[in-house]
Amino acid sequence: MAKQLIVCEKPSAAMKVAYALAEGSVKRVGGRLFPAYSLTRGQNAITVVSALGHLYALDQRSVGWSYPVFDIKWVPINDVDRRMARARAWIDSISKHAEGADEFISACDYDTEGSLIAYNVLRYACRGADAKAKRMRFSTLTKQDLVAAYEGMSSELDATVIEAGRARHELDWIFGVNVSRALMDAQTMAGGCYEVLSAGRVQSPTLYAIYRRENGIRLHVPDPYWVIAAEAEIAGERVPAEYAEGRVLSLSEAEGVTRRCNGADGVVSRVSGRRAVIPPPVPFDLGTLQSEAYRHFGFPPSRTQKIAEKLYLDALISYPRTSSQRLPPSLGYARILEGLGRNRNYAEAATELVSSGRPLRPREGKKTDPAHPAVHPTGNLAEGLGRDDFRVYDLIAKRFMAAFAEAAVKEVTDVEMSCGGDRFLARGEAVLIEGWSRFYAPYSFLREARLPKVSEGDPARMASVSHDAKYTEPPPRFNQSSIIKFMERSGLGTKSTRAEIVDTLYRRGYISGGMIEVTELGAGVITTLKRHFPRLVSIELTRRVEAEMEEIEGGKARREEVMVSTIDEVRETFERMISKEGGMGDGLAELVKAKREGDRTVGPCPSCKTGRLKVIRSKKSGKRFIGCSGYSSGCRFTAPLPQKGRVSVSKRRCKECGYPIVEVRGLGRYVWRLCINVECPTKRGAGRGGGG
DNA sequence: GCAAGGTC
């Protein structure tokens, strides 16, 4: 009887693997905080344990803050990321379960990162078990797939995939950490105050895309064009119509159309009708959920992701970090819909779907994910959700139900009218079958436009025709949703990291605003990188890393060779950078100074009206407060600040008194938005208690 | 203190 240890990527997967493989009962053996399951299958006694994503991370071998650093090693992740403090005890638990085992099996997600996660666990937490470990390969976490993966597991780990994964980690570390340090070193050596600067394979090309868009906007020359709008009178009704040729590029042409047609009689020259079938929207992958929540609620993608992760931990929705738009039948559609039916918000809709008599078959999208289905509700009763949590949940629940509903159908009628040699078009749209749009309301909208019934040859009087001058618009700024779509299109980052990387760009002060603009500092970093490290701002680096990973995976290259040749290439660049560091940092130091100045400027002084309010730290007491830059010319305005927490300036103004608002973070879970006016009416009555 | 990637 063999004692087998199966290593999964995350706790939820470990539980599924355990229950899928068990022939008898499953026993929890890991204690309260650590998931581990004991079961038997055939002659084997199996223990299933779980990693927690990456339990090991790269760190430099040397100590100190010099660069360039090329000598790196894998360490327990709690050594380098204090948010992963749990990892230490977690690894110990895995080691304990490994002691009694004589066979080891990797059952992490069947992708590069998953293969590497299991490899590191087996190698470091299971005393070199990677050498003899086997690999289960599966594409879904269904019982059927997992049993097949167990029965047909390969006799060794996928060594070249693991090597490709290690190469990706090492390349990202070496480029990212060293270039970030180079920027910071150069900046401080040029006399700047200490400031965190960063660069990386994903964040820098993303910033560069925003920077290029900014330049496109600045360099845009508006070209004039004219739009001709008309109101046509057909069958005794006035309907809006547009010029059939679209926009017109000269004023004389526009004037000609208006002169010829305004008030003139014409004729209906063609009527065509068709039915437009509008299928339900596809189920949510994380990116689509993020963009839909941005569209309807204005939530930045990182906020949607955090809310979705919370809903997942509360077992209300499925795993949100998925790129799948598929809902496999094994989810149990009816069970989920019946669960939703217990919620009175969805009772009517869910019941209708279950009892419609039509088979439950969802619309599905093209995108897939090896490890997870599309984001969907679990059917557990969602109660007492906060407003924002509810909105995201509601969107997910309704999107799920909509996927099972009928297609919507519209009747579209195009009416072409001729007025001399000029043609105009009017379009009518009527909803024949609402279908899924009822289930997705209020997030769905089917446009309608009524047209009277007409036939060819009917009179059509152009009751009014006018032209309007317009100018071509510059390309639009990215917003938080479109920049993430850009990253996805360009293959930058993953579904789990894109939103976080955009957040990093904000946190560094490289970008600002909802319609994203590059700050002076962001532009300065791009200019510096382009001069000294052009490769890092180009998405070509990602293409190259992908190509190298493919070569390693295919056995055509070895990780060590790739690393040695890459380091050889970049070593020289770093040496050149160090020798020129002073010059490289000059521009940056100025920009960092300006940024810090901006960061502590609260706004115009409400007292003297000429000075600016700033966050000031008293040299005498060490305490911080808000004071006016006009102090030397006599303005004595001050306002107190809390001495604890991180204070940042916001663009908000108090709704009651119009004074600036500062944000205080790090005192409990919420951001404290504080009006700086001590006499503000919002502060009357209940004062704010100490805690937060 | 720095990347990008996984996870609760």
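Quick caveat: nothing in here was measured; it's all calculated off a predicted structure. Labels below follow one simple rule: chain letters A, B, ... track the order of the sequence lines, proteins then strands, and each chain is numbered from 1.
Counting any heavy atom pair closer than 4.0 Å across all strands shown, A:E500 reaches no nucleic acid atom. As judged by a 4.0 angstrom heavy-atom cut-off over every strand, A:Y312 is placed among residues touching the sugar-phosphate backbone only. When heavy atoms are screened at a 4.0 angstrom cut-off, A:G165 is found touching no nucleic acid atom at all. Backbone-only engagement by A:A199 is indicated by non-hydrogen atom pairs under 4.0 Å involving sugar-phosphate atoms exclusively.
Side-chain polar atoms of A:S95 and A:D92 form no donor-acceptor pair below 3.5 angstrom. No side-chain donor-acceptor contact under 3.5 Å links A:S538 and A:R535.
The side chain of A:S180 contributes no N or O atom lying less than 4.0 Å from OP1 or OP2 of B:dA3. Phosphate proximity of B:dA3 to A:R508: present, with a side-chain N or O under 4.0 Å from OP1 or OP2. Distances shorter than 4.0 Å separate none of the side-chain N or O atoms of A:Y56 from OP1 or OP2 on B:dG6. Listed pair A:R321 / B:dC8 meets the phosphate criterion, a side-chain N or O lying under 4.0 Å from OP1 or OP2. In this structure, A:T494 does not reach the B:dA4 phosphate: none of its side-chain N or O atoms is under 4.0 Å from OP1 or OP2. Put simply, A:R181 has no side-chain N or O that comes within less than 4.0 Å of OP1 or OP2 on B:dA3. Applying the 4.0 Å criterion to OP1 and OP2 of B:dG6, one finds that A:S496 has a side-chain N or O inside that range.
A salt bridge links A:R303 with A:D388; the closest basic N to acidic carboxylate O contact falls under 4.0 Å. Salt-bridge check for A:K306 with A:E309: failed, with every basic side-chain N at 4.0 Å or more from each acidic carboxylate O.
When the nearest nucleotides of DNA chain B are assigned to A:L313 and A:F175 by heavy-atom distance, the more 5′-ward of the two goes with A:F175. Of the residues near DNA chain B, A:R168 and A:M184, the one whose nearest nucleotide (by heavy atom distance) lies more toward the 5' end is A:M184.
Between the CG atom of A:D109 and the P atom of B:dC8 there is a distance of 10 Å, given to the nearest Å. What separates CD1 of A:I77 from P of B:dT7 is a distance of 12 Å, to the nearest Å. Computed from coordinates, the A:R82 CZ to B:dT7 C1' distance equals 18 Å when rounded to whole Å. In this structure, the CZ atom of A:R83 is 12 Å from the C1' atom of B:dA3, given to the nearest Å. The distance between atom CG of A:L116 and atom P of B:dA4, rounded to the nearest whole Å, is 17 Å. Put simply, CG on A:L58 is 19 Å from P on B:dG1, counting in whole angstrom units. Regarding A:E195, its CD atom lies at a distance of 11 Å from the C1' atom of B:dG1, rounded to whole Å. Straight-line distance from the CH2 atom of A:W74 to the P atom of B:dA4: 15 Å, rounded to whole Å.
Comparing B:dA4, B:dG6, B:dC2 by their nearest atom to the side chain of A:V202 picks out B:dA4. Side chain of A:R201, nearest nucleotide from B:dG6, B:dA3, B:dA4: B:dA4.
With a 4.5 Å cut-off on side-chain heavy atoms, A:L327 and A:H376 count as touching.
Atom CZ of residue A:R571 and atom CD1 of residue A:I174 lie 9.5 Å apart, to the nearest 0.5 angstrom.
Residue side chain A:Y194 fails the stacking definition with respect to B:dG1, as its ring centre and the base's six-membered ring centre are not both under 5.5 angstrom apart and under 30 degrees in plane angle.
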